4 protein chains.
Amino acid sequence: MAYRTSDKVRDKKDAKRTAMMQTAVQVFAEKGYHAATVRDIVQKAGVAIGTFYFYFPDKETLFVYLYEETGEFLAQTLEQAISSKTVLHQQVAAAVQAYVNIALYEPAVVHLMLVGGIGAVPSLHEKRSGFRERMAQMWQRPLDFATDEGKLPDQNTRRSAEMIAGACDEAILNLIAQPNAEESGVATVRDITLFVLRGLGYNSSAE
Amino acid sequence: MAYRTSDKVRDKKDAKRTAMMQTAVQVFAEKGYHAATVRDIVQKAGVAIGTFYFYFPDKETLFVYLYEETGEFLAQTLEQAISSKTVLHQQVAAAVQAYVNIALYEPAVVHLMLVGGIGAVPSLHEKRSGFRERMAQMWQRPLDFATDEGKLPDQNTRRSAEMIAGACDEAILNLIAQPNAEESGVATVRDITLFVLRGLGYNSSAE
Amino acid sequence: MAYRTSDKVRDKKDAKRTAMMQTAVQVFAEKGYHAATVRDIVQKAGVAIGTFYFYFPDKETLFVYLYEETGEFLAQTLEQAISSKTVLHQQVAAAVQAYVNIALYEPAVVHLMLVGGIGAVPSLHEKRSGFRERMAQMWQRPLDFATDEGKLPDQNTRRSAEMIAGACDEAILNLIAQPNAEESGVATVRDITLFVLRGLGYNSSAE
Amino acid sequence: MAYRTSDKVRDKKDAKRTAMMQTAVQVFAEKGYHAATVRDIVQKAGVAIGTFYFYFPDKETLFVYLYEETGEFLAQTLEQAISSKTVLHQQVAAAVQAYVNIALYEPAVVHLMLVGGIGAVPSLHEKRSGFRERMAQMWQRPLDFATDEGKLPDQNTRRSAEMIAGACDEAILNLIAQPNAEESGVATVRDITLFVLRGLGYNSSAE
DNA sequence: CATGAATGAGGGTTCATTCAT
DNA sequence: AATGAATGAACCCTCATTCAT
């Protein structure tokens, strides 16, 4: 009886869960973990507070999950962009482009990772450290590769990677703070890519 | 005589006040605005909770004040470092050196500005934006100057300034996260300075 | 035909209802009224939560009903044991034996009456008082009868009845708390019966 | 300054803590652990809810402490009564008298131990078992002693002790349920003592 | 000036209950 | 009949803030 419709119901439930998670990401991104209350989330989602606890075990678990999930998405997207290219200047350009795309299309993702999850629960510190570590390593890999190939001068590639990550974050955070960010997207990608490649001492003429 | 006593009293009061503020900075930097309780602060300061409210109107006001004060100190220090030099590569080196010094000597200052005050109170958003704006402008000024002098290729100096700020923040945050940070201080200054100057397309041989 | 079907349906419904009630008794007995959630009950019964509310109006009503029903069963069983005999020492022995049997065979019944329904809902206080009253009166009747026949010395039979009830409850609660209670069943019946008859000043040789 | 008055303040604080604990005992005794809310307690105590948490860490801790404390008081009082005498019939009489006194003077103590702490939190089960165990052992000691002296016929003294405890509890619970309980105190002590000694097969003429 | 007992708004979470399917 | 998603009152507890001493 109820079985016939169960598929439809399950789909609807999944859709609602997803919708609530997106709402939660926005609220967390906007206010940060502590300042965002469960009541804030359910109000924005238009459901009762009990509904939150029907879908998620508790606030902290959801936040950690969202943070990991979002970080995973962001990191994988950038990693794929890098993997899709073979020479450094294309890798950097692709990754920066991907980052900017995400920032323009889903700014909450960027906010959650860079702003929302700070000063929160102890278990978050590790997650946040883990994410920053992953981003650094992601940038470091192509640098080491290019160094091996003689495309980069000798340098502490780990530190360079950190600086690239920091430079991207800051430029992108400033980008999405602008009223009409989309228009500046292309220029931003170009500026960041150029700055990064120069900063690395990349010899573009060598190709 | 009366003046002397009064002065002494005020000195003592100011001293206590200052001590409490330093404690507060430490606690805020360590735990973030929300997780840091007034009780945490007064316990670490060794005073009663009522004393806190004798010296400060409330937690939020103190935090905002501390954030501004600390930001002011950080910005002024870097600005002075820049002002003390006349050519770009020295300006960058001096500012980075100053930043690293603060990070090594008073990591709480850096933590408060970059980590502690996020996702906290609404009024902080502006302050935080203001601080980042100031840092960007601080970096932008010497870039514009160097551009005018033909020492830098044409570029969006505002964006370059943002990226410098972001690169510094990230590299320094990683630095002070290390167990023995002091030893890496010199190398960090060199790495950052080199990366930044290269990133800007700075023609060092032109001098 | 229609009757047959209707009967079958009702039987099935009653069967399910009965099964759920038995489950509920177990859960209430084990956890007590407050700690036992409706979810606990339906999960153990293998039905959905809505089904609970199809069969029962609400948790409290069910609990009160179960408490009354179980008390009725326990009291009637003991009363019948007493009625089946004519002389006091046999009446006591039969009632104690019946009580121990129930405790060994359906410990949940005993737990529900003696442990599960305390400090629960206000309306339970009366029910609980009523049950204890009934048990006291049940024991008092044969005592009064034996007193009239000169088999018992003068005494406050009401108080004696209360003490018999209390002694039985405590001994039986201790019995079913043991790992292998069945083995001690016979001895327990003997001990209780002897203690009670002695306590009443029963002159067994007078028969 | 504040030091001079600190003694007075501390005394007042202790007094308030004690008063709140007594209030809590009453509420717990009346409603049981789960049904008694922290709001119930503070309302009856005439303080704000925060005051509760200023004096006590949380509801469960307070309850366990109160339960242990009260059990300790009850058990020690009865144990002392027993220790103050040397022959069994006086020991029983003294203990029963002490129990009845407590019941009449502080019925909440009895209610908390016999009614309030049931079906509560898991950790309470042990405490409750521990208390009943202690009461049983308390009664068993003089029985074993009297048995050694040939004052009691052979019997399972552990079981006898349980029954004595149960008989006392029930009789006393019924006593304090009466409107004018004090008047029945003397008779109750006599009835219980007589019933218990008879039940044990105590040979009073042997002295 | 300094103290810390006292307050209560508000946050996270549970769970009995309803109702559309 | 049966289901389980959805609800929201109510619970326990924290913590910024006040004020009498």
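Quick caveat, the model's predicted, so the values are computed rather than measured. Within every chain, numbering begins at 1; the chains are lettered A, B, ... in the order of the sequence lines, protein sequences first and strands thereafter.
- Proximity of C/Lys44 to C/Asp40: side-chain heavy atoms (C-beta onward) are nowhere separated by under 4.5 Å.
- Atom CD1 of C/Ile41 and atom C1' of E/dC15 are 12 Å apart (whole Å).
- Checked against side-chain contact (heavy atoms from CB on, under 4.5 Å), B/Phe52 has the following partners two or more places apart in sequence or in another chain: B/Met20, B/Val38, B/Ile41, B/Val42, B/Phe56, B/Leu62.
- Geometrically, D/Lys59 does not engage D/Phe28 in a cation-pi contact defined by less than 6.0 Å to the ring centre and at most 45° from the axis.
- In this structure, C/Gln43 atom CD and F/dG4 atom C1' are separated by 12 Å, rounded to whole Å.
- Legend: residues meeting salt bridge (Lys or Arg N to Asp or Glu O under 4.0 Å) with D/Glu60, ordered by chain and number and at least two apart, are absent.
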Contact state string [nucleotides 15-20 of chain F, B base, S sugar-phosphate only, - no protein heavy atom under 4.0 Å]: SSBB--
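- A 4.5 Å side-chain heavy-atom check between D/Lys13 and D/Phe54 finds at least one atom pair inside the cut-off.
- The phosphate of F/dA2 (OP1 or OP2) has a side-chain N or O of C/Lys16 nearer than 4.0 angstrom.
- Residues satisfying the side-chain contact (heavy atoms from CB on, under 4.5 Å) test with A/Glu126, not counting sequence neighbours, are none.
- A straight line from CZ of A/Phe54 to P of E/dG12 spans 21 Å, rounded to a whole angstrom.
- Regarding A/Phe56, its CZ atom lies at a distance of 13 Å from the P atom of F/dA5, rounded to whole Å.
- Both B/Gly46 and D/Ala48 lie near DNA chain E, and the one whose nearest nucleotide falls closer to the 5' end is B/Gly46.
- Taking D/Thr61 as the reference, D/Pro57, D/Asp58 meet the side-chain contact (heavy atoms from CB on, under 4.5 Å) condition, with sequence neighbours excluded.
- Classified by interplanar angle (parallel below 30°, tilted 30° to 60°, perpendicular above 60°), the ring pair B/Phe131/B/Tyr67 is perpendicular.
- Nucleic acid contact class of A/Lys13 (heavy atoms, under 4.0 Å, all strands): sugar-phosphate only.
- Taking each heavy atom of A/Thr23 and A/Ala45 in turn, the nearest pair found is CG2-N, 3.9 Å.
- Spacing between atom CG of C/Asp14 and atom P of F/dA1 amounts to 10 Å, rounded to whole angstrom units.
- Distance, D/Lys31 NZ to F/dA10 P: 13 Å, rounded to whole Å.
- The NZ atom of A/Lys12 sits 14 Å away from the C1' atom of F/dT3 (whole-angstrom rounding).
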Pairing string, 5' to 3', for DNA chain E - Watson-Crick or wobble contacts under 3.5 Å, brackets [ ] where pairs cross, | to another strand: .||||||||||||||||||||
